[in-house]
*Asks:* 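Let me begin by handing over the structure; questions about it come next.
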Amino acid sequence: MLVNLEVQRFNPEQDAAPHVESFEVDVPDGSTVLEALMHIKDERDGSLSFRRSCRSAICGSCTMSMNGLDGLACKTPIRQLLSQFGESGVADAKPHETISSHAGQAHFGAAATAAPVAGAAVPSSSVAPKTTNGKSVGTVRVGPMHNLPIVKDLVVDMTRFWEKNKSLKPWLVPKNAPPAREYPQSPEEMERLWRPANCIFCGTCYSLCPVVSVDDTFVGPAAIARVGYRFLEDTRDGARKERAETIVEQNLWLCAHCYACSYCPKHVDPHELIALSCVATIEEGVTDNTGARHAMVVADTIKKTGFLEESQVIPGTLGYFNLIGLSSVMPLGLRLLLKGKMPPLLMRPVPRVTEIREIFKAAEAKRY
Amino acid sequence: MLQHDILVVGGGLAGMRAAVEAAELGLDVGMLSKIHPVRSHSGAAQGGINAALGNREDDTTDAHAFDTVKGSDYIGDQDAIELFAEEAPQAIIWLEHMGCIFSRMDDGRIAQRPFGGASFPRTCYCADVTGLVILHTLWEQCQRLNVKVYEEWFATALSVQTGVGSGVVALNVTDGTIEAIRAKATIFATGGAGRSFYKTTNGLSSTGDGMSMAYRAGIPLLDMEFVQFHPTTLKSNGVLMTEGARGEGAYLINALGERFMFKYAPTKGELASRDVVSRAEQTEINEGRGVDGCVFLDLRHLGKQKIMERLPQIRELALDATGIDAIDEPVPITPGMHYWMGGIQTDKHGATPVPGVYAAGECACVSVHGANRLGGNSLLETIVFGKLSARHAADYAARISAPDFNANLLESERSRIGAMLANKGGERVNVVRDEMGKAMMEGAGIYRLPATIQVGINRIRELKQRYKQISLDDKGRVFNTDLTGALELGFLLDVAETTLAGALRREESRGAHTRLDFPDRDDEKWMKHTQARYRPDADPELGDKQVTVTKWQPQARVY
């Protein structure tokens, strides 16, 4: 099948900024994005740079952005990508009547146009492709993963990603002195570790995370799920309390619960493990922080009255004796009061509030 | 100059196990890896790791050793195999104590599953991602110990000065600089060379780097003709379907729906050793009982729950590649090139004949696998001999003062690579690479004939000349994977050449090496290892090495 690949290129030795280059390639039906890229590298332009190794979704090398969504190129069939998300068209308003004029060229002096940020929509280069009479199955736009600096083409510098993982102490701190044989662990206890065990550090979730994109102090979904949760939940580990403290220091609670990281090529679904990690830190008594206080006061007010009592949530989150914090929200309170929108300070419980309390009780009893 | 007591080249299971041991012993260790360690192909190992823990049945290390000797078709070195089997239980317990995640029995002990060629259920596993969990455990330990990692550094040549190994020359892929890294002891743990075949289960990084670097520096390669074909690989992309599937009870069926394996292995059936099963499949296919070059792996009777619990990864890999859901339909599979039994000659402690140079894992030939490796023994080899090679390298490093780096090597490597970058008008890397792959498929496949092997040898000889003229598109310094691909191709050509040379020389059929013109094993003449030595600009010099037999005399091998 013919497919048009619009690949973001950046060579730091030549380019001031990234630009897009089009390649029309003929690859076997059923090919993945990675296979198309390898075809380009082999047959057309050996300077096209990307990481790859296992080509079976286990090494985590080939994470990139494809038609705006990040994932493993080796696990993304071109046809599936086109049928799921349609043609890219993000920055290309013209029909994809394209053929590459670059076959065999070693270097591209195309005037780079803009957008030095990884994965951002970059305009096509002026070396415009020509017609193919519409035979191409579609256009795949390929760019580097987001939230990390570009090294070259689709290769990014993952140093910060690895540092975030390391910040959560990714190794077992044994609870007990090692026995002569294995530490016993039941199939159910092992089962809790199964999902994080499937993480391959591909960084898809880190690349998709909108919190990481605005605040690099956030440790990120992979680290929380694969390192944080995995060791918090390992019955052999003896450092649960310290881990809870560390993960909160690394801004666990900055997670915005947006579910972007649920799109995980290995079905780890970091978001749910982040939520469970939050629970674990509260279980360990690491509650003297905004995130935990907020979660607890929200739950408490609902348990008490059936309502989210907004008048309680703000002081409850900031701390009732946090005078500086409270005074900073005073102007807001005053404005609400003047507009007649101040939530009531005391709320009457809804009828049959005990049923709501039963729901909480059941939820708290069944963590998994 | 960069320097360490111990330099480990390769960051997969064997390399990280060696680095962890050296760090635990308090040595200054550096670990160089051309890809980030967690990207290593060890992580693609699925089915498990063998050890006679006896958790399910009363197994013994002696039974493990014997099964391995029999699996090797009696050409494995029995002193090394006995050590290997004895070290196994402790190796697993060590991994578990480091936090490795294993599937468990109800009583909390590590679960074990049956595997090919094993007389007991001996294979410890974590569903079908065993390599990944062990790889991650070792990476965790490397971080705990703050092992110095040369991440995305590509070793190009081994330094040997006055007969003593003293480190490597390496390319820092990120910025293109070429440096010498001096070490008292160098441990190669660079994995296999599957990419010398056009189609393989191996990832794109399995390019025989260490084998070739050691060979060029004068260390012999052993038993290179023994190449394992895994019985269950996907036709379209060569991806592995674990032996654990058959361990869990999956059937192999032909186009007629028959379970054909009992014709070839009356007792073990699907769980005969890999060489036997692959040959049986190929025979079924050749005799017209296949479909489109495949037979079928049938998991249906295992049921959805067991498949999702024990084999979820392979179900998804097959689904992604073929659209077939193994829960509902048999998966078409074909034997595929998988593993290199041969490699860098070492003793049972990982030491090569050159002092200061060690090797462990797939790149080494200790030899514990002989002519055919048992499933579950390769992960074990990395853990056992990774550790032992580091211990012995540490002892060695404590005894010597820092050796001299080969004075000319850094400059000659810089100029070799500079010339490669500067060359214009030659062939593309992939042209030579693909021709090599096809020559190996034809010359070094499951069934071998001297005429086709010779064709392969001639082709590789020719390709080695053409390789000198290849030219690259990428002339830059930063992250030049065009360049590393070309350097890898150079390594692979050495592997291909020695493999075909061994295949032509060994006039018998043993383990994975099947010569149609010599269909029987010949213990009189060939109970010995093939040894290949490098000669600059000439064919390899071939010789023999004695096989060590301790207590198991060769017998007929029936499964």
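Being a predicted model, the structure only gives us computed values, none of them experimental. We name chains A, B, ... by the order of the sequence lines, and we start the count at 1 in each one.
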*Asks:* Side chain, backbone, both or neither: which part of Leu48(A) has a heavy atom under 4.5 Å from chain B?
*Replies:*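 Only the backbone of Leu48(A) comes within 4.5 Å of chain B.
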
*Asks:* At a 4.5 Å cut-off on heavy atoms, which part of Leu53(B) comes close to chain A: side chain, backbone, both, or neither?
*Replies:*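 Its backbone and side chain both get close to chain A.
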
*Asks:* Name the region of Val155(A), side chain, backbone, both or neither, that has any atom closer than 4.5 Å to a heavy atom of chain B.
*Replies:*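 The side chain, not the backbone.
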
*Asks:* If you count heavy-atom pairs under 4.5 Å between each of His267(A), Met38(A), Glu35(A) and chain B, which one has the most?
*Replies:* His267(A)

*Asks:* Between Met190(A), Gln185(A), Glu191(A), Lys166(A), who has the most heavy-atom pairs with chain B when the cutoff is under 4.5 Å?
*Replies:* Gln185(A)

*Asks:* Val38(B) versus chain A, heavy atoms under 4.5 Å apart: side chain, backbone, both or neither?
*Replies:* both

*Asks:* Might you work through the side-chain contact (heavy atoms from CB on, under 4.5 Å) test for Cys142(B) and Met31(B), ending with a clear yes or no?
*Replies:* CA-CA 10 Å; Cys142(B) 285; Met31(B) 182 172 76; 4.2 Å; yes

*Asks:* Any chance you could lay out the side-chain hydrogen bond (donor to acceptor under 3.5 Å, both in side chains) test for Arg160(A) and Tyr206(A), step after step, and finish with the verdict?
*Replies:* CA-CA 10 Å; Arg160(A) 195 175 69 197; Tyr206(A) 194 81; 3.0 Å; yes

*Asks:* Hey, which of Arg51(A), Met158(A), Arg52(A), Arg55(A) has the most heavy atom pairs under 4.5 Å with chain B?
*Replies:* Arg55(A)

*Asks:* Can you say whether Lys169(A) sits under 4.5 Å from chain B via the side chain, the backbone, both, or neither, judging by heavy atoms?
*Replies:* neither

*Asks:* Against chain A, work out which of Val429(B), Ile92(B), Ile93(B), Asn55(B) has the most heavy-atom pairs shorter than 4.5 Å and name it.
*Replies:*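 The candidate making the most pairs under 4.5 Å is Ile93(B).
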
*Asks:* Heavy-atom cut-off 4.5 Å, strictly under: side chain, backbone, both or neither for Arg236(A) against chain B?
*Replies:*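 Contact with chain B is through the side chain of Arg236(A) alone.
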
*Asks:* Less than 4.5 Å to any heavy atom of chain A: does that hold for the side chain of Ile101(B), its backbone, both, or neither?
*Replies:*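 Both backbone and side chain.
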
*Asks:* Does any backbone or side-chain atom of Pro179(A) lie under 4.5 Å from a heavy atom of chain B? Answer side chain, backbone, both or neither.
*Replies:* both

*Asks:* Which answer fits Pro12(A), side chain, backbone, both or neither, if we ask what part of it has an atom under 4.5 Å from a heavy atom of chain B?
*Replies:* side chain

*Asks:* Hey, do the aromatic rings of His136(B) and Phe201(A) have their centres closer than 6.0 Å?
*Replies:*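 So the answer is yes for these two rings.
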
*Asks:* Quick one: which of Glu151(B), Glu316(B), Gln90(B) has the most heavy-atom pairs under 4.5 Å with chain A, could you say?
*Replies:* Glu316(B)

*Asks:* Looking at His41(B), Arg477(B), Glu140(B), which makes the most heavy-atom pairs under 4.5 Å with chain A?
*Replies:*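 Most heavy-atom pairs within the cutoff with chain A belong to Glu140(B).
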
*Asks:* Specify whether His36(B) and Trp162(A) have parallel, tilted or perpendicular ring planes, treating 30° as the upper limit for parallel and 60° as the lower limit for perpendicular.
*Replies:* parallel

*Asks:* When heavy-atom pairs shorter than 4.5 Å are enumerated against chain B, which of Val173(A), Thr32(A), Ile58(A) gives the highest number?
*Replies:*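 Max contact count across the listed options: Ile58(A).
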
